[in-house]
Amino acid sequence: MADTLNILRAGMATVQDLGRFGRSRYGLPVNGALDQHSARVANVLCGNDEGAPLLEITALDFSCTPSTDVLVAVTGAPADLTVDGVVRPRWEPLSVRSGETIRISGIRSGIRVYLAVLGSFDTPYLQGSCAPDTILGFGRSLRDGDELGLQRHCPPVDHPEYRIPLFRLRAPVPRLPTPWTIDVTDGPDLAEFGDTADRLFRSEFTVSPQSNHIGLRMAGDVPRRVATGEVLSRGVPVGAVEVPAGDELLVLHRGRGVTAGYPVLAVVTATGLSSLGQVGPGQTVRFRRRTVAEAVAAHRSQRNAVHALQNRVRTVFDALRIPSSPARTVPVSP
Amino acid sequence: MDSGTGVVDGADTARGSVVIVDCGDSGVVAKAVGMDAERAWRTVHALADAFDAVRLAGVHGIVPTYDSLLVEFDCADTDHDTVRRVLRHEADRLGEGPVTPPAARRFVVPVVYGGEFGPDLPVVADQLGLSEREVVELHSAADLTVRCLGAPAGAPMMDGPAFPRPVPRLSSPRIRVLPGSVAVAGRQAVICPMPSPGGWPLLGRTPLRVLEDLDADPLTAYRPGDTFRFVPITPEQWDDHAGRSLAVSHG
């Protein structure tokens, strides 16, 4: 019988990947893991392709048990991670024996935790991705009792009795500052906000409960559009900071519709979007103005750290004869 | 402007130009300026095709609309200079000759107007100072050209009918719009292919299935440049068309 990861307590969890790339011309949002950095690192720690399917666990407690020996990694927001009741490290590969219970509880500071398994899961694909798309009705939240097909098993690679890890990989763990500082660059329509544009950087904004993977609404001293006139619908990037009306900012995230008619005041940076993927309702956010060059440098530095981690994983996995190649080729780009 | 949006790259010609600006650390926008709406639209879509054909590594997606083309990419795998250079090169090549659109197909779309099918028809008629019948007549009087595909998925965004003025959006968007809903806003028209939230006033609804196979590539049977012709039908005729595919309604 095929091996499975059995979901005991689903909480709010979905099977995710990095997104549905190359389809925005057809009006499809990219979607995918909201904290891309943590999702990449979880897969890399398991020797998977960065874009392999993994679990995105939001806010609520979660537990599961594999029907075979597996290697997993848990990243993202701080949380209590236990295997059969014993506290285990996050941001490191972890051997879990057949029948043991992985429990993730007390998610705090941020709201999203990622769990990857060496070899990943069997999961349906649509338009080249397994990422849920709520509008298309594709992909669903996991439910208690679900069984996810596992592609691989992995013999234990820790001490047989004391369960001490045989290696430490020192993954790049992002800081979660309070209040959150989110980097943005100037948007193409900045000038339309005149003197009020600076308000974005002067005060804090509070994230409203009406926030999700499509966008985050934030209350505060919002900038005002000075220019008048209709804006023709056009493509808006993930990360666009808009001021639709009233006293709320709208910051578009990965589920955003590809076109909109509101002026774009600022654009959240690539690293800022991963942080924003961790921000929960009621939390406060400060925006920090960056040049495009600074933002690109920050993203490259983060990606280089992941590549360096990938090399360390390969070295360690080769030495321990852990099968690290992904079981399937996952389409990443068009 | 400062370095965030400061890189503006334009090439003036007698027939307008394409201006290229940064849009965040992972995007660039090419905008057609100084030309009429038809040429601007043809230019950004031809530019999108030409850019797509280059298959530049690191590019995640392109969104050509009316007069602008958004390119999104991973700035660790490519960079703004490379994307801008390719766009500039392709735009200059396009600028040398006439930009002809691909051969258009015409889709015929039966619509039940008003009532529960188009609950905003009376409001729109009021706002335009027309009778409901006049609104329906204008909406179904001419072929409407698809200009781009929009949210939530594969929505055909068309030039609006020849109404006397733009149609305001709803002050409070609907939580859920039924698939096949036929809507207008500003000077645009659309069919909503999927159940989704929506702020555009609804005039009617078509019984045709707009999206056939969500895993199809391309996703839609129609493409920008194709035209839609709406044909009024009665509620009694709904079942004659229900479940048929829009894909086979052209001719």
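Computation of the quantities below employed the complete heavy-atom set of this structure, encompassing side-chain atoms and omitting hydrogens, waters and symmetry-equivalent molecules.
- Across A:Ala270 and B:Ser26, no two heavy atoms sit closer than the pair CB-OG, 4.0 Å.
- With a 4.5 Å cut-off on non-hydrogen atoms, B:Asp77 touches chain A through its side chain but not through its backbone.
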Would B:Leu219 and A:Gln127 count as a side chain to side chain contact (heavy atoms under 4.5 Å, CB included) if you check the C-alpha gap in whole Å, the side-chain angles of each, and the deciding distance to 0.1 Å? CA-CA 9 Å; B:Leu219 177 67; A:Gln127 296 282 352; 3.5 Å; yes
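- Taking B:Ala155, B:Pro218, B:Gly27, B:Ser196 one by one and counting their heavy-atom pairs under 4.5 Å with chain A, the maximum is reached by B:Pro218.
- Within the 4.5 angstrom heavy-atom criterion, only side-chain atoms of B:Leu70, from C-beta onward, approach chain A.
- Although no hydrogens or angles enter the test, the distance criterion places no donor-acceptor pair under 3.5 Å between the side chain of A:Arg234 and the main chain of B:Asp67.
- Between the CD atom of B:Gln188 and the OG atom of A:Ser233 there is a distance of 4.0 Å, given to the nearest 0.5 Å.
- Looking at B:Ala216, the atoms closer than 4.5 Å to chain A (heavy atoms on both sides) all sit in the backbone: N, CA, C or O.
- Using a cutoff of 4.0 Å between basic side-chain nitrogens and carboxylate oxygens, B:Asp25 and A:Arg290 are not scored as salt-bridged.
- B:Asp215 CG to A:Phe138 CZ: the interatomic distance, rounded to the nearest 0.5 Å, is 8.0 Å.
- To the nearest 0.5 Å, atoms CE (B:Met194) and CG (A:Asp133) are separated by 8.0 Å.
- Atom CG in B:Leu149 sits 8.5 Å away from atom CZ in A:Arg25 (nearest 0.5 Å).
- When each of B:Pro166, B:Gly154, B:Pro195 is scored by its heavy-atom pairs under 4.5 Å with chain A, the top score falls to B:Gly154.
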For side chain to side chain contact (heavy atoms under 4.5 Å, CB included), just list the numbers for B:Asp79 and A:Val296, CA-CA rounded to whole Å, side-chain angles, deciding distance to a tenth of an Å, and then say yes or no. CA-CA 8 Å; B:Asp79 58 62; A:Val296 169; 6.0 Å; no
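- In this structure, B:Cys75 and A:His299 approach most closely via the heavy-atom pair SG-CD2, 3.4 Å.
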